[in-house]
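Keep in mind it's a predicted model, so treat the numbers as computed, not measured.
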Amino acid sequence: MAACDPRQGKYLTASIIFRGPLSSKDVDEQMLVTQNRNAAFFAEWIPHNIKSSICNVPPYGEGSGCSLIGNNTAILEIFKRIQTQFSGMFQRKAFLHWYTGEGMDEME
C-alpha cells in the first residue's frame, strides 16, 4: 500500500469490476455519468480511460459489489520522497560498505 492522496493527482486509467446481477446497460450508463461528473480527476488527453467488467456471481454473503483499480499520478509524490531520502543516504555513503565489500564499484 502507498500513502498518497489520489485526489492530488489525475487518473490515467482505471478498471472497475462489478459483481452481482447487473445489466451491462446500467453499468455503462453509470460509468459515463461518473466520468462526466468527475472529469477533473481524469486525464483529458486519454479518451476512454475506464474499463469496466461484470461478473454475474455476487460476493459471498452480499447482493453485489464493486472494485476499482486505478493508475493515478499522485504516486509521483512517493517517488520524489524516496529519491530525496536515497540522495541523502548516498551523499553520506550510508550502507555503501555492504556493496563495495561484495565487489561492487561505488559508481554502480
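- One distance of note links OG of Ser24 with CE of Met31; it measures 13.5 Å at 0.5 Å rounding.
- We find that Arg81 and Glu77 are not joined by a salt bridge, their nearest charged nitrogen and carboxylate oxygen being 4.0 Å or further apart.
- In terms of modelled atom types and a separation under 3.5 Å, the side chain of Asn71 and the main chain of Leu12 share no donor-acceptor contact.
- The two atoms that bring Gly65 and Pro59 nearest to each other are N-CD, 3.9 Å, heavy atoms only.
- One finds the OG1 atom of Thr84 at 13.0 Å from the CE atom of Met89 (value rounded to the nearest 0.5 Å).
- Rounded to the nearest 0.5 Å, atoms OG (Ser53) and CD1 (Ile17) are 5.0 Å apart.
- When the side chains of ILVMFWY residues are joined at heavy-atom separations under 4.5 Å, either directly or via intervening members, Leu32 and Phe41 end up in two distinct hydrophobic clusters.
- How far CZ of Phe42 is from CG of Asn36: 10.0 Å, rounded to the nearest 0.5 Å.
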Salt bridge (charged side-chain N to carboxylate O under 4.0 Å, His left out) between Glu44 and Lys10, intermediate numbers included: CA-CA 9 Å; Glu44 61 273 356; Lys10 289 189 177 234; 3.1 Å; yes
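- A donor-acceptor distance shorter than 3.5 angstrom exists from the side chain of Arg19 to the backbone of Val57, with no hydrogens or angles considered.
- Here the shortest heavy-atom pairing between Ala74 and Pro6 reads CB-CA, 4.1 Å.
- Taking CD1 of Ile50 as the start and CG of Asp28 as the end, the distance is 11.0 Å to the nearest 0.5 Å.
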Derivation and outcome, side chain to side chain contact (heavy atoms under 4.5 Å, CB included), residues Ile75 and Ile78: CA-CA 5 Å; Ile75 197 79; Ile78 292 174; 3.8 Å; yes
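- Here Ile69 contributes atom CD1 and Ile16 contributes atom CD1; the two are 10.0 Å apart, rounded to the nearest 0.5 Å.
- Closest non-hydrogen pair, Asn49 versus Ala43, comes out as ND2-O, 3.8 Å.
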Side chain to side chain contact (heavy atoms under 4.5 Å, CB included) evaluation trace for Phe18 with Ser52: CA-CA 7 Å; Phe18 293 94; Ser52 61; 4.3 Å; yes
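- Under the 4.5 Å side-chain criterion, counting only non-hydrogen atoms from C-beta, Ile54 is in contact with Asn56.
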